[in-house]
Amino acid sequence: MKLRKVTAASAAVLALALTATACGSEDKNDSDSSASGDSKTIKIGIKYDQPGLGLKEPDGSFSGFDVDVATYVAKELGYKPDQIEFVETKSADRENALARGDVKLIAATYSINDERKQKVDFAGPYLLAHQDLLVKADSDIAKGTDLNGKNLCSVVGSTSAQNVKEEIAPKANLRENAGYSECLAGLQSGSVDALTTDDSILAGFAAQDKYKGQFKLAGLKLSNENYGIGVKKGDTTTLNDVNTALEKMVSDGSWQKAVEANFGPANYKNEPAPKIGDIVS
Ligand code: GLU
């Protein structure tokens, strides 16, 4: 009887000790995750329809270079992968999503330019891409001016659409959609002669099983697209932390690994890692 009492008491002590340990580690996790903010999760805007960059997979997971960059940066800010909430942020929504506070960061093939810098701050750049054309494999469109009078498709709110209207081919019949799937369907059916956006994005589309052999990239470097991570205007602390994280991602080899994993399958020959603050105009 006495022995049983002692055992019960020890068990209670042990249970208490375990509870205390559990609480302790929970507290630690909480403080880790709130290192750069008060919430336990971080919302990051990405694209959902760009294979190799930002893609929502059928099982609900996310893949792509932007997703890997976002996950690395979030880790450096104190958030584990399960504390990241990815939010679809289409091209035309990016500035507003940051201004409204819907997301803390945007890693969505987001080119740094002066107009956008009036509304948001950019960390980076972390990738240099170029505007190009995706055409049917047998198309004879070979240069930007060939687009005048042709049916061209791009995404609303993108630098690509703006460049076409202002510089590359003002007489092209430009159709602007919210996302890329409508442009790809049009290219396949022949109602669209070319899809224009960054070569990094186009390479991912061309390599998809369902389009294999049907399309080709024209291989034109029509612009320089310096991808930055969008941060709310004036949030200097986050901006500096993200820049530090991006520098580390390059120096510890994670950037190169992410490039190979995401651009390798599409055979996209990316430019070398840019230096933070170095914008190629
Ligand atoms: N990188 C370009 C841009 O930021 C085109 C791709 C996109 O819209 O995401 O506008």
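For ligands, and for the atoms within them, numbers begin at 1 and follow the listed sequence. We number each residue from 1, following the sequence as shown.
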**Request:** Using distance alone, determine whether Gln50 and ligand 1 share an N or O pair under 3.5 Å.
**Result:** no
**Prompt:** Using a heavy-atom cut-off of under 4.0 Å, does the side chain or the backbone of Gln131 touch ligand 1, or both, or neither?
**Reply:** neither
**Asked** Within the distance-only criterion (no hydrogens, no angle test), does the side chain of Thr236 pair as donor or acceptor with the backbone N or O of Gly234 below 3.5 angstrom?
**Response** yes
**Request:** Report yes or no: does Val155 have a heavy atom closer than 4.0 Å to ligand 1?
**Result:** no
**Fill in**
Within the 4.0 Å heavy-atom cut-off, what Gln162 brings close to ligand 1 is neither
**Asked** Quick one: does Ser160 get an N or O within less than 3.5 Å of an N or O on ligand 1?
**Response** no
**Asked** Using a heavy-atom cut-off of under 4.0 Å, does the side chain or the backbone of Arg116 touch ligand 1, or both, or neither?
**Response** side chain
**Request:** Report the part of Thr159 in contact with ligand 1, treating N, CA, C, O as backbone and CB onward as side chain, heavy atoms under 4.0 Å; options are side chain, backbone, both, neither.
**Result:** both
**N/O separation below 3.5 Å, Asp198 to ligand 1** = yes
**Asked** Has ligand 1 got any nitrogen or oxygen that is less than 3.5 angstrom from a nitrogen or oxygen of Tyr110?
**Response** no
**Message:** Heavy atoms only, cut-off 4.0 Å: how does Ile201 contact ligand 1, side chain, backbone, both, or neither?
**Reply:** side chain
**Item:** Backbone or side-chain N or O of Ser91 under 3.5 Å from ligand 1 N or O
**Value:** yes
**Asked** Any Lys/Arg nitrogen of Lys80 or Asp82 sitting under 4.0 Å from an Asp/Glu carboxylate oxygen of the other?
**Response** no
**Request:** May I ask you to say whether Glu76 pairs ionically with Lys248, meaning some side-chain N is under 4.0 Å from a carboxylate O?
**Result:** yes
**Asked** Do Tyr79 and Glu85 meet the criterion of a side-chain donor-acceptor pair at a distance under 3.5 Å?
**Response** no
**Asked** Can you find a side-chain donor-acceptor pair between Asn113 and Ser111 that sits under 3.5 Å?
**Response** no
